[in-house]
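Only one structure is covered here, and it is reproduced in the block below.
Note that the structure is a prediction, hence the values are computed from the model and not measured. Values reported hereafter were calculated over all heavy atoms of this structure, with side chains retained and with hydrogens, waters and symmetry mates removed.
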Amino acid sequence: MANFHFNNFDINNINTVLFDKDGTFLDDNLYWGKLAECRIYKLIEYFNLDKNLFEELCFTIGYNPKICKLIKNGAVGVLSRNEVIDYMAKELAKYSVFTNFETISELFNIVHTEFLNNMDKYIKFIPYSENFIRNLKSLNLKLAVVTSDTHNHTKETLKILGIEDCFDCIIGKDDCTKDKKSGEPAIIALEKIKSDKNKTIVIGDALMDYFMAENSGLKHIIVCTGQTDKDDLIKYTKYVVNDLSEVSIKLC
């Protein structure tokens with residue numbers, strides 16, 4: 001059991017931590033930014049669009065290629081894959097490209113398959129997150145990843161980062177019938193690792209992580225290392241930190 005202290009707050013008697021992935025311990029600017037670029041290149045090629053639209057379309061999908069950063073509250077890295085596809089279909093209509101979910105989904109699948117061959121180049125820890133995770137593991141806490149990404153892709157990401165053995169389970173979007181905000185993925189994780197929700201904390205970077213905690217009856221800490229501005233986060237919760245270095249942990 002461990003006590004978590006941050007910003008004059010204490011969350012005590014915790015033995016299980018449910019982590020979000022992107023923006024919480026994985027640098028989503030590098031990973032999702034490169035994937036966004038690849039997706040836009042594929043759309044331009046398939047629909048025979050003007051290549052000069054690359055930068056504009058990147059902005060549309062939520063990525064700034066000039067500074068290699070995801071746009072705060074943009075589509076990529078915040079919305080689910082299906083939501084991004086629906087969003088992209090509507091945006092393409094502005095360029096007189098009238099397509100459907102199935103076509104864009106298939107193009108994204110092609111990009112993803114190609115991207116997997118080089119994904120290790122774009123997977124990097126957010127500062128302080130690796131030591132934080134390893135410290136929790138050394139204290140014998142149960143750890144799980146609960147993400148909107150797929151189970152197998154998340155497993156491969158953890159393997160590349162070298163922390164696959166730190167986690168007791170992975171719950172991806174394909175392990176659930178409802179999205180994270182519903183709270184269902186967290187409940188499934190707790191059932192799988194046989195943990196008590198009263199002794200569990202969610203650590204994430206987005207409002208969907210906050211809602212997941214609220215809707216599953218769990219405590220939470222939200223870090224400002226993803227795409228959601230701190231000003232937006234603190235409208236919902238006071239349990240917000242700039243990064244994981246602000247959270248201290250002691251055995252109880």
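Using cut-offs of 30° and 60° for the angle between ring planes, the Tyr31 and His153 rings count as tilted. Taking the six-membered ring for Trp and thresholds of 30 and 60 degrees, Phe54 and Tyr41 have nearly parallel ring planes, at less than 30 degrees apart.
Here the straight-line distance linking atom CD1 of Ile44 with atom OH of Tyr95 works out to 9.5 Å at 0.5 Å rounding. A distance of 10.5 Å separates CG of Leu18 from CZ of Phe167, quoted to the nearest 0.5 Å. For the atom pair CZ of Phe25 and OG of Ser129, the computed distance is 7.5 Å after rounding to the nearest 0.5 Å. The CD1 atom of Ile40 lies 5.0 Å from the CG atom of Leu57; values are rounded to the nearest 0.5 Å. Going from atom OG of Ser105 over to atom CD1 of Ile85 covers 4.0 Å, rounded to the nearest 0.5 Å. To the nearest 0.5 angstrom, Leu141 atom CG is 6.5 Å from Leu143 atom CG.
With contacts defined as side-chain heavy-atom distances shorter than 4.5 Å, the pair Asn13/Cys252 qualifies. The closest side-chain heavy-atom distance from Lys250 to His5 is not below 4.5 Å. Looking at Phe19 and Ile203, their side chains come closer than 4.5 Å, going by heavy atoms from C-beta outward. For the pair Met119 and Thr157, the minimum side-chain heavy-atom distance is below 4.5 Å. Proximity of Thr200 to Leu190: side-chain heavy atoms (C-beta onward) are separated by under 4.5 Å at one or more points. Using a 4.5 Å heavy-atom cutoff, the side chains of Phe4 and Asp10 are not in contact.
The only member of Asp209, Asp175, Asp22 that meets salt bridge (charged side-chain N to carboxylate O under 4.0 Å, His left out) when paired with Lys180 is Asp209. Tested against Val241 for a side-chain contact (heavy atoms from CB on, under 4.5 Å), the candidates Leu233, Thr225, Val223 yield a single pass: Val223.
Heavy-atom contacts from other residues, nucleotides or ligands closer than 6.0 Å to NZ of Lys219 number more than 12. Residue Lys137 places its NZ atom among more than 12 non-hydrogen atoms of other residues, nucleotides or ligands, all under 6.0 Å distant. For Phe211, the CZ atom is densely surrounded, since the number of other residues' heavy atoms within 6.0 Å is greater than 12. For Tyr236, the OH atom sits in a loose shell: 12 or fewer heavy atoms of surrounding residues, nucleotides or ligands are nearer than 6.0 Å.
His220 contributes no side-chain N or O that, together with a main-chain N or O of Glu214, makes up a donor-acceptor pair within less than 3.5 Å. No side-chain donor-acceptor contact under 3.5 Å links Asp20 to the backbone of Gly23.
The two residues Ile61 and Ala36 come nearest to each other via the heavy atoms CG2-CB, 4.2 Å. Scanning all heavy atoms of the two residues, the minimum distance from Leu26 to Ile126 falls at O-CD1, 3.4 Å.
Between Lys173 and Asp149 there is no salt bridge, since no side-chain nitrogen of the basic residue lies less than 4.0 Å from a carboxylate oxygen of the acidic one.
A donor-acceptor contact closer than 3.5 angstrom links the side chains of Asn242 and Lys230. Side-chain atoms of Ser245 and Asp243 include a donor-acceptor pair closer than 3.5 Å.
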